[in-house]
Amino acid sequence: MPEMPEVENMALGLRAVIVGKRIGEVRVVTRAMIRGPHRRQWRRFLGELAGRRIERVARRAKRLILVTEADLALVFQLGMTGKFLLPPGGAASQHKHTRLVMAFGDGTELHFVDMRRFGRLWCLRDLDADDPDAALEAAGMTPLGPEALRIRRQVFGEALRTQRPVKALLLDQTRIAGLGNIYADESLWAAGVHPARAAATLDGEQAGVLLRQIKNVLRRAIRAGGTTFSDFRNAYGDMGRFRRRLKVYQRHGEPCKRCGATIERLVVAGRGTHVCPRCQRL
DNA sequence: ATTTCATCCTGGAGGC
DNA sequence: TGCCTCCAGGATGAAA
């Protein structure tokens, strides 16, 4: 389940390898993943990529963006299991769940692999890589809130003015963009806030602590290479190292690392939620 | 308008 | 062993 730290690590890995490469052919294996205004003409759009160089690899929240010459852009929304692989054997090692193959002029290949097919690819033109939001919205993508690592305290406070559970707010990409289920649970534990608590009941100090912990958890997860549960790998196939640093996620039945109470699992905002009943009071 | 819920999809887990 | 059912989980669009 790639969240922002996983996508950031994918972007880092890809950037080092594919920026400057010239695209040869793009083969779409699963065309149902194609979105955007050029959906009907996807074959033509992908044909236009041929011969162009990759200029940038960018990230916006959980979306990974490849920008080519002439400002053509491929925006990947990775869903549950989407990932990129740079198979050393090229086409010979195509994976069962490969959905798209980008072949480069030098003979290497980039594979997009997505077992559960929740991943989407938006094809769009005229993307300003320094400020992609306008183009993303024009293409029909859901508008995103501020990046979780960049959101300012006051904006976060305004987002909290709702009776929804605070966890639902953290998962709402239109209010704060980048968190998913793992890092929402981890941030709430670090801040000592119960996920089911109505967001608006946090006072100013608690809101500040929560935001600091969100940024802290995300930064540490990025540095650790992300979290691997079943499926995440970076472009080289390596697993993330953050899993053993997790304090609550998927640790139900085990002791809290802060107080020793038994971690519980419940459902909040329709999602499996992990909480220390002693450290995180309602 | 705001919030919840079903849907998509597959592999793995658990029941019998 | 093997078949069956159930479930996770991000984003979306429909329903409440």
Side-chain angles (χ1 to χ4, degrees), chain A residues 1-8 10 28-37 39 59-65 75-84 95-100 112-122 124 133 136-137 139-145 147-148 158-188 195-201 214 218 221 226-233 239-240 242-243 246 248-253 263-275:
Chain A
M1 51 214 86
E3 305 180 27
M4 183 273 269
E6 288 75 39
V7 182
E8 177 69 11
M10 291 184 196
V28 175
V29 181
T30 306
R31 71 179 183 190
M33 69 183 281
I34 307 284
R35 291 291 185 278
R39 185 178 185 184
R59 177 190 63 75
R60 173 70 168 100
K62 308 178 194 176
R63 298 169 181 168
L64 188 137
I65 307 174
V75 183
F76 289 88
Q77 194 153 271
L78 304 174
M80 292 285 300
T81 54
K83 61 188 169 187
F84 296 92
H95 191 281
K96 176 183 177 187
H97 302 299
T98 297
R99 307 297 173 196
L100 177 143
F112 178 68
V113 179
D114 179 24
M115 180 180 76
R116 289 192 184 170
R117 301 192 201 210
F118 284 3
R120 298 287 178 261
L121 168 60
W122 299 72
L124 49 100
D133 280 10
L136 301 187
E137 289 182 36
M141 299 192 80
T142 303
L144 296 175
E147 283 285 315
E158 286 161 11
L160 288 173
R161 284 186 206 146
T162 170
Q163 291 305 309
R164 300 165 74 189
V166 61
K167 174 161 174 177
L169 190 278
L170 297 189
L171 293 175
D172 183 345
Q173 304 298 305
T174 70
R175 305 314 302 268
I176 174 171
L179 290 171
N181 210 33
I182 295 174
Y183 300 115
D185 280 6
E186 293 296 309
S187 300
L188 287 161
R197 217 168 124 184
T201 66
I214 287 169
L218 290 175
T227 303
T228 293
F229 250 87
S230 54
D231 216 59
F232 168 70
R233 298 289 189 282
M239 310 211 303
F242 199 69
R243 181 172 181 174
L246 295 176
V248 283
Y249 187 79
Q250 286 293 323
R251 291 194 67 248
H252 45 290
I263 302 297
E264 294 176 357
R265 184 182 185 282
L266 49 151
V267 174
V268 177
R271 289 283 170 260
T273 297
H274 311 80
V275 61

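Residue numbers start from 1 in every chain, and the chains themselves are labelled A, B, ... in the order their sequence lines are given, proteins ahead of strands.
By the ring pair (Phe, Tyr, Trp, His ring centres under 6.0 Å) test, F76(A) is found to be paired with F84(A), F112(A), residues two or more places apart in sequence or in another chain being considered. Taking V28(A) as the reference, R31(A), I34(A), W42(A), L46(A), L100(A) meet the side chain to side chain contact (heavy atoms under 4.5 Å, CB included) condition, with sequence neighbours excluded. Qualifying side chain to side chain donor-acceptor pair (under 3.5 Å) partners for T30(A), counting only residues two or more places apart in sequence or in other chains: R99(A). Residues forming a side chain to side chain donor-acceptor pair (under 3.5 Å) with E264(A) (at least two apart in sequence, or on another chain): none. R251(A) is linked by a side chain to side chain contact (heavy atoms under 4.5 Å, CB included) to E254(A), P255(A), K257(A), I263(A), counting only residues two or more places apart in sequence or in another chain. Partners of E8(A) according to the side chain to side chain donor-acceptor pair (under 3.5 Å) rule, which considers only residues two or more places apart in sequence or in another chain, are R59(A). For A198(A), the side chain to side chain contact (heavy atoms under 4.5 Å, CB included) partners are Q163(A), T201(A), not counting sequence neighbours.
Between the CG atom of N181(A) and the C1' atom of dG9(C) there is a distance of 7 Å, rounded to whole Å. F118(A) has its CZ atom 9 Å from the C1' atom of dA8(C), to the nearest Å. Between the C1' atom of dT12(C) and the CZ atom of R120(A) lies a distance of 9 Å, rounded to the nearest Å. Here the P atom of nucleotide dA8(C) and the CE atom of M115(A) are 15 Å apart, to the nearest Å. Residue R116(A) contributes atom CZ, which lies 19 Å from atom P of dT12(C) at whole-angstrom precision. Distance R63(A) CZ to dA11(C) P: 8 Å, rounded to the nearest Å. Taking atom CZ of residue R35(A) and atom C1' of nucleotide dT12(C), one finds them 10 Å apart after rounding to whole Å. Distance, M33(A) CE to dT12(C) C1': 17 Å, rounded to whole Å.
Between the side chain of E147(A) and the main chain of A177(A), no donor-acceptor pair closer than 3.5 Å is present. One N or O on the side chain of K62(A) and one on the backbone of L179(A) form a donor-acceptor pair closer than 3.5 Å.
Between the axis at the start and the axis at the end of the helix from dT2(B)-dA16(C) to dC16(B)-dG2(C) there is an angle of 60°, using five pairs per end and rounding to 10 degrees.
Between dG10(C) and R271(A), a contact under 4.0 Å exists linking OP1 or OP2 to a side-chain N or O. Dashed line: the shortest gap from a side-chain N or O of Y183(A) to OP1 or OP2 of dG10(C) is not under 4.0 Å. OP1 or OP2 of dT12(C) has not a single side-chain nitrogen or oxygen of Q173(A) nearer than 4.0 Å.
You can see that DNA chain B meets the heavy atoms of chain A within a 4.0 Å-exclusive cut from dT3(B) to dG11(B), reading 5' to 3'.
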Contacts under 3.5 angstrom, residues 164-172 of chain A side chains, donor-acceptor by atom type, not counting sequence neighbours:
from	atom 1	to	atom 2	distance (Å)
R164(A)	NH1	D172(A)	OD2	3.0
K167(A)	NZ	N181(A)	OD1	2.6
K167(A)	NZ	D185(A)	OD1	2.7
K167(A)	NZ	G272(A)	O	3.2
K167(A)	NZ	T273(A)	OG1	2.9
D172(A)	OD1	T174(A)	N	2.9
D172(A)	OD1	T174(A)	OG1	2.7

> Where do H274(A) and E186(A) land on the side chain to side chain contact (heavy atoms under 4.5 Å, CB included) test, with the steps shown first?
Replying inline: CA-CA 8 Å; H274(A) 311 80; E186(A) 293 296 309; over 6 Å; no
>> Let's go through M4(A) and Y183(A) carefully: what are the C-alpha distance in whole Å and the side-chain angles of both, what is the deciding distance for side chain to side chain contact (heavy atoms under 4.5 Å, CB included) to 0.1 Å, and is it a yes or a no?
In response: CA-CA 9 Å; M4(A) 183 273 269; Y183(A) 300 115; over 6 Å; no
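Nearest heavy atoms, D114(A) versus F118(A): OD2-N, 3.2 Å. Closest approach of R117(A) to R120(A), counting heavy atoms only: O-NH1, 3.2 Å.
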Atom pairs under 3.5 Å, N or O on each side, protein against nucleotides 5-7 of chain C: can you list them with distances?
none

Between the protein and nucleotides 13-16 of chain C, which nitrogen or oxygen pairs are less than 3.5 angstrom apart?
none

